[in-house]
Number of protein chains: 4
Amino acid sequence: MLMQAKNSTAKQKERRTKSASFTETGRRAQIVAAAIDVIAEVGYHRASFAKIAEHAGLSSTGMISYHFDGRDDLMREVVTEVLRLGDGYLRPRIEAHTRYADRLRASIEGNLDLLAEYPNHLAAMVDILANLRGGDPGMVAFLEATEANLTVQVEQLRKAQRTGEFGDFDPWVMMRAIRAAIDDVVRRATHDPDLDVRAVGRELADLFDRATRKTP
Amino acid sequence: MLMQAKNSTAKQKERRTKSASFTETGRRAQIVAAAIDVIAEVGYHRASFAKIAEHAGLSSTGMISYHFDGRDDLMREVVTEVLRLGDGYLRPRIEAHTRYADRLRASIEGNLDLLAEYPNHLAAMVDILANLRGGDPGMVAFLEATEANLTVQVEQLRKAQRTGEFGDFDPWVMMRAIRAAIDDVVRRATHDPDLDVRAVGRELADLFDRATRKTP
Amino acid sequence: MLMQAKNSTAKQKERRTKSASFTETGRRAQIVAAAIDVIAEVGYHRASFAKIAEHAGLSSTGMISYHFDGRDDLMREVVTEVLRLGDGYLRPRIEAHTRYADRLRASIEGNLDLLAEYPNHLAAMVDILANLRGGDPGMVAFLEATEANLTVQVEQLRKAQRTGEFGDFDPWVMMRAIRAAIDDVVRRATHDPDLDVRAVGRELADLFDRATRKTP
Amino acid sequence: MLMQAKNSTAKQKERRTKSASFTETGRRAQIVAAAIDVIAEVGYHRASFAKIAEHAGLSSTGMISYHFDGRDDLMREVVTEVLRLGDGYLRPRIEAHTRYADRLRASIEGNLDLLAEYPNHLAAMVDILANLRGGDPGMVAFLEATEANLTVQVEQLRKAQRTGEFGDFDPWVMMRAIRAAIDDVVRRATHDPDLDVRAVGRELADLFDRATRKTP
DNA sequence: CATGAATGAGTATTCATTCAT
DNA sequence: CATGAATGAATACTCATTCAT
């Protein structure tokens, strides 16, 4: 998912109507957590306020509408929360390495380790982002922010190519292939609890190591 | 999407309530075509009968219910139609080659050539299959059929490994990575008409060529 | 149901748009027969043209609309058909007796014998008549005709009272109680195939024999 | 309808999704009341949520869905309400007598007195129960509960036979005949406001008194 | 903050009927 | 006669949102 997280979500915060604090208030966080579980279980579109409220132990959906400025706002918060979680998890693991090949491996394996520990979080985010359409402008801006995040990682690949550590390939295509492969595992893990995601992570890391290496 | 199409769609045919002919009758085909366009545009869940009927020039959603045994039946037909299209398009291009590396390249590039020619078709199918949950048993069976299709392609990879043409890797992980990369392009192409999918196809073919090659 | 059938259905015939013959044409009779079965199985309101057409081996509901002037017309025909059947079955059995008590017993037991032989016919008629509301004027007239039929039987009771064979009671209340008891068995027989309707018939005949007898 | 009401409705309560209070909340009770009127007027199957909502002064059918867990739940509540009403009305009147013949008379006349006071209530219940088919399991269980209620009354007849107060007859057939006669009056009263139901009640009580008496 | 009732648009589906072929 | 497509109204139900309490 992420090679290196950035503070690219800052812009979204401004759209929030209530609660500008960095750490979520109790109720908001509780609702976000419930939303993550419900989305992971039934999918983005079937995750109604009614189901989320029930999962959160709330007796009315009105509470969600009170705390969030609509469904999009809640979904944005879910993604933000997962990005925050992922950033904290991945950044130190990636920055522990200097060579780009090692950083790439740390990124891929780290994502799948994260999946093993928080399966619902990643599943929810992937499902939300996959189902976004250019309806609400706030969500479009959000999608662009996610895209910007990817740009940073592409730049890492480009640097590795310039240093000669990586071979010749289109870094954008490579980056999206990596991301797509990881997200695919996220999706499958939701329905198949027996999937050994860490093993798949190592295998994918090997795969993309060969694909990025300079060919002699 | 497909390395080698199979007759795995035969079982679905029997579940159709009306129209046993192989080639669709006029109205059914028209509705399926409209559904493909609408799904590609607004996504699986937002593709209501109302929108599809309007796109097809029908005066009422009842017409769709008349021709199809519910939403699932229509969606099944959409996927079946796309699989039929893809099979006819890809099979000769793949079978024109004997070496596995060439077949793999033909498969990847062929899928993206197909995408270039029928962007909505692949987008619709990918969106449908991505949003399936274990609700209707008929759709689950369908998903299993798609899975079986993948198994065939995995077997191809395994054969190539046995002949020594391909290196050592987990063929399932490799196959899903390939599929995920292709599907990701399908998704992006829907929203970004400027994307040069054929070029991405060549780039992905190169990428997975390196990833599958026997390392010296 | 019937103590003595009359030609009180003549008026209805005139409302029929097509086919004035006494014995139904093939197609009409076939549809009526199918309607009887379907109504007996799923009930008056759930007996849609689609189900009736399917049961009749017809490929389209349009055929029913062609042969009948709407749903009410079909239902009227169903009742007429059952009344015709019942009349032929009961009249000789009743007229074989001269004493009113014997005629009453023959009527009650005859109705339930008829039920044993044609369970669907009586079930369909009872369900139709029970669900009639004063919407269509043609059906109201029909209901009045059925009421007139009952009047004839009430008159029989009155005669028996005048001759001193029967005791003192309100003949209308008695007649409706008899009819209600019989119809109740008809309804139960539909769902409970193990019900011994002939035995119930004898029991009911005894019951109403006691209820009508002159008390000493 | 009822010779002796029982607490057989307790099981149904648990199936209610909302409102666990014994006395209905305002809106629920209002909707139930509207449903009773509409069902009495147009019949069970034609009593759509739209008509009920309009009768209740609600702006949308969604309000009904909000308060009741589907059509079956509403119908169950209607029957429960009528049973509650009937129980309170009949029980003291029946228990005021000790001899079985008097209890039977009180039951029959009480039912028709109740009908005179609440014509719509009984009409609605009779129509609902008559149109039930084995669709929803919750309704089937309900029907069985009603059946159990009848069993209690049959047992009363049996006791009266053992004491020698009543003659020899099949108590089940007798009980169903009584019920059928009462329900028939309920049905007729809906369409014929001039019917003197109390007078019919006395007449029916006489009728079944003769039918149950020990013949000398 | 929290509740729960209310709203109104939106969902797929079924239905009897009509009509061109 | 018969077909099968088409229509348009009607069905119960879900949803996110609002608002008075």
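In what follows, chains carry the letters A, B, and so on, assigned in the order in which the sequence lines appear, proteins first and then strands, with residues in each chain numbered from 1.
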**Complete:** Rounded to the nearest 0.5 Å, the CE atom of D:Met75 sits from the CG atom of D:Asp127 at a distance of 9.0 Å
**Asked** How many Å lie between NE2 on D:His67 and P on F:dC13, as a whole number?
**Response** 15 Å
**Prompt:** Looking at CE of D:Met63 and CD of D:Gln30, how far apart are the two atoms once the value is rounded to the nearest 0.5 Å?
**Reply:** 10.0 Å
Let me check something: any side-chain donor-acceptor pairs from residues 31-49 of chain C under 3.5 Å, sequence neighbours excluded? List them with distances.
residue	atom	partner	partner atom	Å
C:Asp37	OD1	C:Asn120	ND2	2.9
C:Asp37	OD2	C:His55	NE2	3.1
C:His45	ND1	D:His45	ND1	2.8
C:Arg46	NE	C:Val42	O	3.2
C:Arg46	NH2	D:Asn131	O	3.2
C:Ser48	OG	C:Lys51	N	3.3

**Complete:** Here the gap from B:Asp73 atom CG to B:Arg76 atom CZ, rounded to the nearest 0.5 Å, amounts to 5.0 Å
**Gap between atoms CD1 and P, on D:Ile52 and F:dT11 respectively (whole Å)** = 11 Å
**Message:** Within this structure, what is the CD1-CZ distance for the pair A:Ile52 and A:Phe68, rounded to the nearest 0.5 Å?
**Reply:** 9.0 Å
**Complete:** In whole angstroms, the gap separating C1' of F:dG8 from CD1 of B:Ile64 amounts to 15 Å
**Fill in**
Counting primed atoms, P, OP1 and OP2 as sugar-phosphate and everything else as base, the B/S/- map of nucleotides 14-21 of chain E against protein heavy atoms under 4.0 Å is BSSBB---
**Check against side chain to side chain contact (heavy atoms under 4.5 Å, CB included), B:His121 and B:Met125** = CA-CA 6 Å; B:His121 282 68; B:Met125 179 172 72; over 6 Å; no
**Asked** Can you give the dot-bracket line for DNA chain E, where a pair is Watson-Crick or G-U wobble with both atom distances under 3.5 Å, crossing pairs use [ ], and | marks a partner on another strand?
**Response** .||||||||||||||||||||
**Euclidean distance, atom CD1 of residue C:Ile31 to atom C1' of F:dC1 [Å, nearest integer]** = 11 Å
**Message:** If you compare every side-chain N and O of D:Ser59 against the phosphate oxygens of E:dA6 (OP1, OP2), does one of them come in below 4.0 Å?
**Reply:** no
**Prompt:** Does a side-chain heavy-atom distance below 4.5 Å link C:Leu132 with C:Leu129?
**Reply:** yes
**Item:** CG on A:Asp72 to CD1 on A:Ile128, rounded to 0.5 Å
**Value:** 10.0 Å
